[in-house]
Amino acid sequence: QLQASGGGLVQAGGSLRLSCAASGRTFGSYAMGWFRQAPGKEREFVTAISWSGGSTFYADSVKGRFTISRDNNKNTVYLQMMSLKPEDTAVYYCAAGRVQRPSSSFSDYPYWGQGTLVTVSS
């Protein structure tokens, strides 16, 4: 089970850190990803990290502003979001998949959290 948290309301230019805690299973050997779904839009890839944390992959829209990291001892993955924009407003989902490299493909992630809402005001 994956539990995402840390969402909220923030002004444009602000920062938030999302967390995704895993329980019931050890996800230390899984790649982890963050996806988001804005109102009226399809779910899209944001970023992903390999099981070791040694490899990361970002969507162009968040590159340089968002940072993904993980602590396998705590079974938790983080998403540090900076310089937030109104277009970052979405429900953010974490996901886990047993792939070697961080992937942007939904089908590589069979395990999904419930999502946490991030709202960026202008």
>> List the residues meeting side chain to side chain donor-acceptor pair (under 3.5 Å) with Asp60, not counting sequence neighbours, and say none if there are none.
In response: Lys63
>> Side-chain heavy atoms under 4.5 Å apart, restricted to Ile/Leu/Val/Met/Phe/Trp/Tyr: what other residues fall into the cluster of Leu9, or is it alone?
In response: none
> Passes side chain to side chain contact (heavy atoms under 4.5 Å, CB included), Ser29 versus Arg98? Steps please.
Replying inline: CA-CA 7 Å; Ser29 61; Arg98 219 162 197 173; 3.3 Å; yes
>> According to disulfide (SG to SG under 2.5 Å), does anything in residues 59-122 pair up with another residue at least two apart or in another chain? List the pairs.
In response: Cys20-Cys94
> Looking at residues at least two apart in the chain, or sitting in another chain, which of them share a side-chain contact (heavy atoms from CB on, under 4.5 Å) with Glu44?
Replying inline: Arg36
> Yes or no on side chain to side chain contact (heavy atoms under 4.5 Å, CB included) for Met81 and Arg17, after CA distance, side-chain angles and deciding distance?
Replying inline: CA-CA 6 Å; Met81 305 185 294; Arg17 188 176 83 153; over 6 Å; no
> Can you name the residues that form a side chain to side chain donor-acceptor pair (under 3.5 Å) with Ser105, not counting sequence neighbours?
Replying inline: Ser107
> Closest approach of Ala48 and Ser103, non-hydrogen atoms and distance?
Replying inline: CB-O, 3.7 Å
> Do the non-hydrogen side-chain atoms of Phe27 and Asn72 ever get within less than 4.5 Å of each other?
Replying inline: no
> Can you name the one residue among Thr67, Thr56, Leu79 that meets side-chain contact (heavy atoms from CB on, under 4.5 Å) with Ile49?
Replying inline: Thr56
Using a 3.5 Å cut-off and no angle test, enumerate the donor-acceptor pairs between side-chain atoms of residues 114-122 and protein atoms at least two apart in sequence or in another chain.
residue: Gln114; atom: OE1; partner: Ala4; partner atom: N; Å: 3.4
residue: Gln114; atom: NE2; partner: Ala4; partner atom: O; Å: 3.0
residue: Thr116; atom: OG1; partner: Gly7; partner atom: N; Å: 3.1

> When rounded to the nearest 0.5 angstrom, what distance separates OG in Ser52 from CZ in Arg70?
Replying inline: 8.0 Å
>> If the condition is salt bridge (Lys or Arg N to Asp or Glu O under 4.0 Å), which residues does Lys41 pass it with, not counting sequence neighbours?
In response: none
>> Once rounded to the nearest 0.5 Å, what's the spacing between atom CH2 of Trp34 and atom CZ of Phe66?
In response: 11.0 Å
>> My understanding is that only residues two or more places apart in sequence, or in another chain, count here; which of them pass ring pair (Phe, Tyr, Trp, His ring centres under 6.0 Å) with Phe106?
In response: Phe35
> Remaining members of Met82's ILVMFWY cluster at a side-chain heavy-atom cut-off under 4.5 Å?
Replying inline: none
> Roughly how far, to the nearest 0.5 Å, is the CZ atom of Phe57 from the OG atom of Ser104?
Replying inline: 4.5 Å
>> Within the 4.5 Å heavy-atom criterion, are Gln100 and Trp51 side-chain neighbours or not?
In response: yes
>> Is the distance from the ring center of Tyr30 to that of Tyr109 below 6.0 Å?
In response: no
>> With side chain to side chain contact (heavy atoms under 4.5 Å, CB included) as the criterion, how do Gln80 and Ser15 come out once you've worked through the C-alpha distance, each side chain's angles and the decisive distance to 0.1 Å?
In response: CA-CA 7 Å; Gln80 179 68 51; Ser15 301; 4.0 Å; yes
>> Could you work out, with side-chain contact (heavy atoms from CB on, under 4.5 Å) as the rule, every residue matching Tyr93, not counting sequence neighbours?
In response: Gln37, Arg43, Val91, Trp112
> How would you list, by chain and number, every residue that makes a side-chain contact (heavy atoms from CB on, under 4.5 Å) with Thr76, sequence neighbours excluded?
Replying inline: Ser19, Ala21, Lys74, Tyr78
> Who are the salt bridge (Lys or Arg N to Asp or Glu O under 4.0 Å) partners of Arg65, not counting sequence neighbours?
Replying inline: Asp88
